[in-house]
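Below is one structure; the comments refer to it alone.
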Amino acid sequence: AVRYFRRRFNHRDGDIFQILSIYKALRILCPRQARQLQANLQHVDALRIVPALNEDDKITQLQHELPAYLVAAEDAVIDDEHTRLSWWKEQSSIPAWQNAARLVFALLPSSAPAERVFSLLKAAVSHLQRSSLGDQIEATLMLQYNRGR
């Protein structure tokens, strides 16, 4: 079962891997994270994984405005989500970044794929089967998960 979960999180075709990759790419939209990451052009290019931002013009504009964004981020004091949203509303000097933030904040996050896997695991392995071999549990879980597809 552990190998199955590792594949789901680490394999490029796994839906959880993609969600994790999107999360990592979007950290740059938090001014505090941008400072900590020492955001660079590669971080901006990583935003291509987000379908709404995967356009050459948008990425080019973000890369062009990156120095101004980092300067603005230096003075940012972000305590909570409300503060983060207010900060972005005030950033008219970096319109590409402001628009990217607006697009991303409109997305609805979902943990449904991970919750679905854990639910299947719970249903597939009763308390009497917990001592089963890992391979048997992994095979059972994969069969149940893929049956719904």
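Heavy atoms only: backbone and side chains are in, while hydrogens, waters and symmetry mates are out.
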(message) Looking at R48 and D56, is there a salt bridge between them, counting it only when a charged N and a carboxylate O are closer than 4.0 Å?
(response)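 R48 and D56: salt-bridged.
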(message) Between V71 and V44, is there shared hydrophobic-cluster membership here, with clusters defined by ILVMFWY side-chain heavy atoms closer than 4.5 Å?
(response)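 Result: no, two separate clusters.
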(request) Report yes or no: do L85 and I78 belong to one cluster of Ile/Leu/Val/Met/Phe/Trp/Tyr joined by side chain heavy-atom distances under 4.5 Å? (result)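 Linked within one cluster.
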Between [atom1] on residue [X] and [atom2] on residue [Y], distance to nearest 0.5 Å:
{"X": "H43", "Y": "L37", "atom1": "NE2", "atom2": "CG", "value": "4.5 Å"}
{"X": "S92", "Y": "Q98", "atom1": "OG", "atom2": "CD", "value": "6.5 Å"}
{"X": "D45", "Y": "N40", "atom1": "CG", "atom2": "CG", "value": "10.0 Å"}

(request) Could you walk me through whether N99 and R102 pass the side chain to side chain contact (heavy atoms under 4.5 Å, CB included) test, one step at a time? (result) CA-CA 5 Å; N99 189 42; R102 187 177 295 125; 3.9 Å; yes
(request) Answer yes or no: does atom CD of Q36 have more than 12 heavy-atom neighbours from other residues, nucleotides or ligands under 6.0 Å? (result)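 Yes, because the 6.0 Å sphere around CD of Q36 holds more than 12 heavy atoms from other groups.
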(message) For D57, I'd like to know if atom CG has over 12 heavy atoms of other residues, nucleotides or ligands within 6.0 Å.
(response)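 Counting neighbours around CG of D57, 12 or fewer heavy atoms of other residues, nucleotides or ligands fall under 6.0 Å, so no.
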(request) Using the test side chain to side chain contact (heavy atoms under 4.5 Å, CB included), find all partners of K89 that sit at least two apart in sequence or belong to another chain. (result)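 Testing K89 for side chain to side chain contact (heavy atoms under 4.5 Å, CB included), a comparison that skips the adjacent residues, returns none.
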Note, [X] side chain near [Y] side chain (heavy atom, < 4.5 Å):
{"X": "V77", "Y": "T83", "result": "no"}
{"X": "K58", "Y": "L103", "result": "yes"}
{"X": "R27", "Y": "K24", "result": "yes"}

(message) Please give me the minimum heavy-atom distance between I94 and A68, naming the atom from each residue.
(response)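 Taking I94 first and A68 second, the nearest heavy atoms are CG2-CB, 3.6 Å.
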(request) List the atom of A25, the atom of I49, and the distance in Å for their closest heavy-atom pair. (result)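 Closest approach of A25 to I49: CB-CG2, 3.9 Å.
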Quick check against the 3.5 Å criterion: does [X] have a side-chain atom that pairs as donor or acceptor with the backbone of [Y]?
{"X": "R35", "Y": "A73", "result": "yes"}
{"X": "W97", "Y": "L62", "result": "yes"}
{"X": "Q33", "Y": "L29", "result": "no"}
{"X": "E65", "Y": "A96", "result": "yes"}

(request) Compute the ring centroids of W88 and Y69, then answer whether they are less than 6.0 Å apart. (result)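 Yes - the distance between ring centres of W88 and Y69 falls below the 6.0 Å cut-off.
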(request) Would you mind telling me which of N54, L26, I22, V104 makes a side-chain contact (heavy atoms from CB on, under 4.5 Å) with L47? (result)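 So, applying the side-chain contact (heavy atoms from CB on, under 4.5 Å) to L47 and each of N54, L26, I22, V104, only L26 qualifies.
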